[in-house]
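What follows is one structure encoded as structure tokens, with my remarks underneath.
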Amino acid sequence: MSSKLKLYIGRKIVDCLHKSTKISPIQLQPLIHVGNPKEKSKIELNLPLNILETSLGITNVNEILKIHPDDIIKSVQLVRDRANRKLSFEIDRNIFIKDVIENCSYPEINFKPKNIVVEYSSPNIAKPFHYGHLRSTIIGGFLSNLNMFVKNNVTRLNYLGDWGTQFGFIQVGVQDLNYNLDHLKQDPIKLLYQCYVHANKLAETDASVQDRARSEFQKLEQGSEEELVRWRQILEFTKGELVKTYARLGITFDEYNSESMYSQKDIRNVIEIMRNKNILKEQNDGRIVAEVGIDKVVTVIKSDGSTLYLSRDIAAAIDRYNKYKFDRMYYVVGNDQSDHFYALKSILHKMDMPWADRLVHVKFGKIRGMSSRKGTSVFLKDILDECRELVIKRQIESPTTKVPITDQETSDVLGVSCVVINDLKQRRQRDYEFDWDKVLQVKGDTGIKLQYTHCRLHSLEENTGILPAKQCDPAVLIEDEATELVKALAKFQDILYASGEQLEACLLVTYLFHLCNHISKALKLLRIKGTNPEVASQRLLLFVTAREVLKNGISILGVKPLKKM
Ligand code: ARG
């Protein structure tokens, strides 16, 4: 629904209150929600009293109850259900339905766009893309899409891990296995991983390998030109392969950054600022540490002068602020890095960076039991391949499949939908169990259900042979199923708002499953074929609106809506 009706109520409320209560209708608007009254044909918009009283300090509720009924507001009541008290406004059904159908699928933009940076995915080159990176990719994609949808300026950023002693191991492996750039180009991620595993094996029996790795990395850190050029090349190959895999997930980035952009020589002035602000302490062993919180220190520069994950992140945050002047920067990274992001923010505060509070660590839980059925490989590409194969198998077994099974793209999209929806339906910070059977269920709340409903609506539009009405005539949509579907559609914008505030995609996913249930019920009852054309075209308009909302919702979750399956 549009904000018009909510603002109308907001204005009425403000008019009733004493002039001394400084509240604007815009403040009230997000608090007003569509209710679910027992009498289905009724429309109620509700406003919880506890928020009015505690956050807005409105105590003269009785004044609000004096609002005179008019064409839009039919009555105002104080309702108690269990422990909650709310103000309930009964709204004219026809006005509500018309407003929703004409305004629900796209947001009204009445604020200045914000600059949002979303850093997500951020795998380490030469290491498997593990579940943490997968969740980060999916959740970060969702956050970016949501912010794009409400017309913020979004920068999608991937921060590749390519720096630190561990990368010395890769160098040792590359030398020991005699790989040149031509080899590495063929299958960079797997071969580099092989090098990493190989060097680590060697190190188990040969203590000198550790030293070799360290000195290889030091060569890089000290900026030996020849080594660096080679390193950058390896980074490029990896990026190339990542881009292809991301495309299957429907993920793109505006920027690929990497930790190596913030190596020793690049961050000298950042260290200088910290020194001037008296945050740093030199330790006897040569390390430089910074204090975070009370009584806790973290190392920012190692005794050999090389940088650490944390120091590179400090430099990166400053660099990004200078580039993007962000209002918010989200780091979509697992729960296990909470201490790291706490330290990062705390140091930026101590450095007097006025924007330090704009950094948000969007943390998430673990996926347990995620491995491929065929083995323990956890490369993203393998998971996606396996998913596609399983989908194809199920499509072959299903009697309702409409696309040729050779259409790999559809199977790929379906597979991806299942993995993405299964992830986003979980509360972000909770750990969950990965179970292929649950992920791919045809019945039940999966990506398949959302896609299937979208396809049904699509084929309805294509096959009825009539056009949707140009304007909504609510008087024709009299059935309860229509009213219920409209009420569900009216909640779309509220849900987007709540998902964005709480950074929880599961609110949107759960909403879309409910919406699909309402759509199925309505499809059963509100027939189009064989119905008088006036009614049919109004019903079709309702279904087109529902499809639009479903399509937008699915797309925000990062899934490509299918037209046939
Ligand atoms: N590459 C890191 C890892 O795999 C994640 C990077 C997260 N982002 C950051 N700015 N530290 O653990």
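Index from 1, following the sequence. All of these numbers come straight from a predicted model, not from anything done at the bench. All ligand and atom numbering here is 1-based and tracks the order in the structure.
Among protein heavy atoms, the minimum distance from atom 6 (C) of ligand 1 is reached at Tyr309 OH, 3.3 Å. With hydrogens left out, the protein atom closest to atom 12 (O) of ligand 1 is Gln337 NE2, 3.0 Å, a heavy atom. In terms of protein heavy-atom proximity, atom 8 (N) of ligand 1 is closest to Glu119 OE1, 2.9 Å.
Distances below 4.0 Å separate heavy atoms of Tyr331 from the following atoms of ligand 1: 10 (N). Heavy-atom contacts of Val333 reach the following atoms of ligand 1: 7 (C), 8 (N) (cutoff under 4.0 Å). Counting atoms of ligand 1 from 1 in the listed order, those under 4.0 Å from a heavy atom of Ser122 are 1 (N), 2 (C), 4 (O), 5 (C), 6 (C). Atoms of ligand 1 lying under 4.0 Å from any heavy atom of Tyr159, numbered from 1 in the order shown and given with element: 8 (N), 9 (C), 10 (N). For ligand 1, the atoms sitting less than 4.0 Å from at least one non-hydrogen atom of Asp313 are 9 (C), 10 (N), 11 (N), numbered in the order shown with element in parentheses. Interface atoms of ligand 1 facing His133, defined by a heavy-atom separation under 4.0 Å, are 3 (C), 4 (O). Residue-ligand proximity, Phe341 to ligand 1, at heavy-atom distances under 4.0 Å covers atoms 9 (C), 11 (N).
Residue Asn124 has at least one nitrogen or oxygen atom sitting less than 3.5 Å from a nitrogen or oxygen atom of ligand 1, judged on distance alone.
Paired with Thr238 under the rule side chain to side chain contact (heavy atoms under 4.5 Å, CB included), one option of Leu184, Ile189, Val243 passes, and it is Ile189. Under the side chain to side chain contact (heavy atoms under 4.5 Å, CB included) test applied with Ile314, the options Ile267, Val300, Thr307 reduce to a single match, Val300. With respect to Val117, the side chain to side chain contact (heavy atoms under 4.5 Å, CB included) criterion is satisfied by exactly one of Tyr331, Tyr321, Phe326, Tyr330: Phe326.
Of the N and O atoms on the side chains of Ser499 and Tyr511, not one donor lies less than 3.5 Å from an acceptor on the other residue. Judged purely by distance below 3.5 Å, without hydrogens or angles, the side chains of Asn335 and Arg428 never pair a donor atom with an acceptor atom.
The aromatic ring centroids of Trp163 and Phe217 lie less than 6.0 Å from each other.
Ring pair Tyr196/Tyr193 is parallel by interplanar angle, where below 30° counts as parallel and above 60° as perpendicular.
Atom OH of Tyr452 sits in a sparse spot, with 12 or fewer heavy atoms from other residues, nucleotides or ligands closer than 6.0 Å.
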